[in-house]
Colleague: 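One structure is given below, represented as structure tokens, and several questions about it will come after.
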2 protein chains.
Amino acid sequence: MAQPPIICTVDVVLLCLKDAALHVALLRRDHAPFAGALALPDGYVDPEQDRDAQDAAVRILREKAAIVSPYLEQLGTFSGKGRDPRGWSISVAYYALVPAHIMDLARHPALQLLTVDHLKGQPFDHREIIQAAVERVRSKSTYSSLPVYLCGERFTLPQLQGVYEALLGEPVNKVSFRRKMDELDILEPIPGAMETGRANRPAQLYRLKKKYRNQLSLTGRGLNPDPLK
Amino acid sequence: MAQPPIICTVDVVLLCLKDAALHVALLRRDHAPFAGALALPDGYVDPEQDRDAQDAAVRILREKAAIVSPYLEQLGTFSGKGRDPRGWSISVAYYALVPAHIMDLARHPALQLLTVDHLKGQPFDHREIIQAAVERVRSKSTYSSLPVYLCGERFTLPQLQGVYEALLGEPVNKVSFRRKMDELDILEPIPGAMETGRANRPAQLYRLKKKYRNQLSLTGRGLNPDPLK
DNA sequence: ATAATAGTGTCTATAAGACAATATAAG
DNA sequence: CTTATATTGTCTTATAGACACTATTAT
């Protein structure tokens, strides 16, 4: 019995924080369907070179956006007849979190950053996929350390708190926040490194503890409800 | 450019509680590969009759186990070269929760219930898939009302508490449990219905409030971190 | 009456948040 | 010194758990 023709692709929702708002990186499509539209970086699964779908996501991110993300997690699979004009399709969606400054728009002029709110005009069901990724990130931000991946390598606690506040859309208690970070036990102060330059007491710079850096291989299928901790 | 030959299937992890332990329903395979082995109910996605992968899961559950589950959620997608001897495959996994008594083993002699702990000998990566489903259920049980789907239509609070305790593997505080159930506001007492017959004060029977029954259509892609509330 | 478990009241412990005091930089 | 923000201490409030008391049934 022949296998019916099903289109197998991978979509990547690449998220970063810019101007205190979550942004998604979209790519102007250069071929049909929806040539010219702004869409998620995507691609066919290639059984030759991809060991699994996550591998394909890593490759697509590298090829289409020149980015290797320290955090990449399976979001879910979107499938059905209606979502792709070419026919019945199945797309495994991943989401990646990166600090804004590594998004090298110069090297990829087709790449654009859009606020995740008020999206419209995305082809396929990409808007729905983005919304799902955003919900997932916001939901996880309430109980996990996920947002650290939106910061750079070094950051102060007030900066990190700002990231949480931007994601959650509400202020967070400073004392509780610091207690929580302390309990999570995933950050370490960088000895001697302080954020200085402004007219106030300098803030201690922190970084992720070594064992939590480059989690890539550990966050396989999104079956990891608490990314760290 | 031709689409590479990728095997697209759906697996369903059908779970119930028996003797205070989580059990998974496995099916003896009647064809290759792994004919004769106990495996998850699975099947090819059929673009002709399935609107999407979840639709396929519902169909497979109906055809292979004669069950329509009130709770079915996408677990994740498992893919790669090594998991199926026939070649590079992609399998969208779902999990379903049902009360033990609706598992009609008589009508499906090939169906078997196994404790989820100490599994071994499952073909493909089915053991891994089952473990992922079990982790998800246990994790969600700590903060959601998911376990109600393992009960029948009517149940007492002590019974429901027992389900939570079986899942979590530890006793839960009675007062806190009842407070939580009260807050969740998803149960209603069945007027006049009491569990009687034993030598003690009879317990009030409860049921899910109407709007939470038959959630099937709402739990699409597992993107619903809190199944209820 | 007794035993058994359901259901509830209340006290205690733990966690979260509010508020305020102190620290340290630039100008 | 003044201003601004980091960092820390402490009090208050909210939430979770422990314990015990009352309720209701079968025997």
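Sequence lines set the chain letters: A, B, ... in the order given, protein chains first and strands last, and positions in each chain run from 1.
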Colleague: Is there a residue in residues 190-197 of chain A whose heavy atoms reach under 4.0 Å of DNA chain D, and which residues are they?
Modeller: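 Hits under 4.0 Å, by residue number: none.
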Colleague: Step by step, work out the salt bridge (charged side-chain N to carboxylate O under 4.0 Å, His left out) result for A/Arg83 and A/Asp11.
Modeller: CA-CA 13 Å; A/Arg83 53 183 303 280; A/Asp11 288 305; 3.8 Å; yes
Colleague: Please report whether the ring centroid of A/Tyr164 lies less than 6.0 Å from that of A/Phe177.
Modeller: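 Between A/Tyr164 and A/Phe177, which both carry aromatic rings, the centre distance is below 6.0 Å.
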Colleague: Does any non-hydrogen side-chain atom of A/Ser141 lie less than 4.5 Å from one of A/Pro147?
Modeller: yes
Colleague: Distance check needed: D/dT7 P versus A/Leu160 CG, whole Å only.
Modeller: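 After rounding, the reported distance stands at 12 Å.
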Colleague: Do the side chains of B/Glu73 and B/Tyr94 get nearer than 4.5 Å, heavy atoms only?
Modeller: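 B/Tyr94 does not reach B/Glu73 side chain to side chain.
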Colleague: Between C/dG17 atom P and A/Gln161 atom CD, what is the distance in whole Å?
Modeller: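 Taking CD of A/Gln161 and P of C/dG17, I get 11 Å after rounding.
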Colleague: Between P on C/dA16 and OH on A/Tyr143, what's the gap in Å once rounded to a whole number?
Modeller: 16 Å
Colleague: Taking atom C1' of C/dA21 as reference, at what distance in whole Å does atom CG of A/Asn200 sit?
Modeller: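 Going from A/Asn200 (CG) to C/dA21 (C1'), I get 17 Å.
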Colleague: Record whether the side chain of A/Arg179 comes under 3.5 Å of the base of C/dA16 through a donor-acceptor pair of N or O atoms.
Modeller: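 A donor-acceptor contact between them is present.
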Colleague: Return the CZ to CD distance between A/Arg201 and A/Glu195, rounded to the nearest 0.5 Å.
Modeller: 14.0 Å
Colleague: For A/Phe177 and D/dA6, give me the distance from atom CZ to atom P, rounded to whole Å.
Modeller: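 Roughly 12 Å, once rounded to whole Å.
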Colleague: Nearest-nucleotide wise, let me know which of B/Lys180 and A/Ala199 is further upstream toward the 5' end of DNA chain D.
Modeller: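 Mapping each residue to its closest nucleotide by heavy atoms, the 5'-most match is A/Ala199.
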Colleague: Is it true that the side chains of A/Glu165 and A/Gln161 contain a donor and an acceptor less than 3.5 Å apart?
Modeller: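 Yes, because at least one side-chain N or O of A/Glu165 sits under 3.5 Å from a partner of the opposite role on A/Gln161.
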Colleague: Can you check the A/Leu157 CG to C/dA23 P distance for me, whole Å?
Modeller: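 Whole-Å distance recorded here is 19 Å.
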Colleague: Whole angstroms only, please: what is the CG-C1' distance between A/Leu205 and D/dA6?
Modeller: 12 Å
Colleague: For A/Arg178 and D/dA6, what is the distance between atoms CZ and P respectively, to the nearest whole Å?
Modeller: 8 Å
Colleague: Between A/Glu183 and A/Pro202, who's closer to the 5' end of DNA chain C by nearest nucleotide?
Modeller: A/Glu183
Colleague: Could you identify which residues of residues 167-176 of chain B place a heavy atom less than 4.0 Å from some atom of DNA chain C, listed by residue number, or say none?
Modeller: B/Lys174, B/Val175
Colleague: What heavy-atom pair brings B/Leu205 and B/Arg154 nearest, and what distance separates the two atoms?
Modeller: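 Answer, listing the atom of B/Leu205 first, then B/Arg154: CD1-NH1, 3.5 Å.
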Colleague: For the salt bridge (charged side-chain N to carboxylate O under 4.0 Å, His left out) test, which of A/Lys180, A/Arg179, A/Lys209, A/Lys211 pairs with A/Asp185?
Modeller: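 Per the salt bridge (charged side-chain N to carboxylate O under 4.0 Å, His left out) rule, the option paired with A/Asp185 is A/Lys209, out of A/Lys180, A/Arg179, A/Lys209, A/Lys211.
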Colleague: Keeping B/Ser91 on the side-chain end and B/Ala93 on the backbone end, is there a donor-acceptor pair under 3.5 Å?
Modeller: no
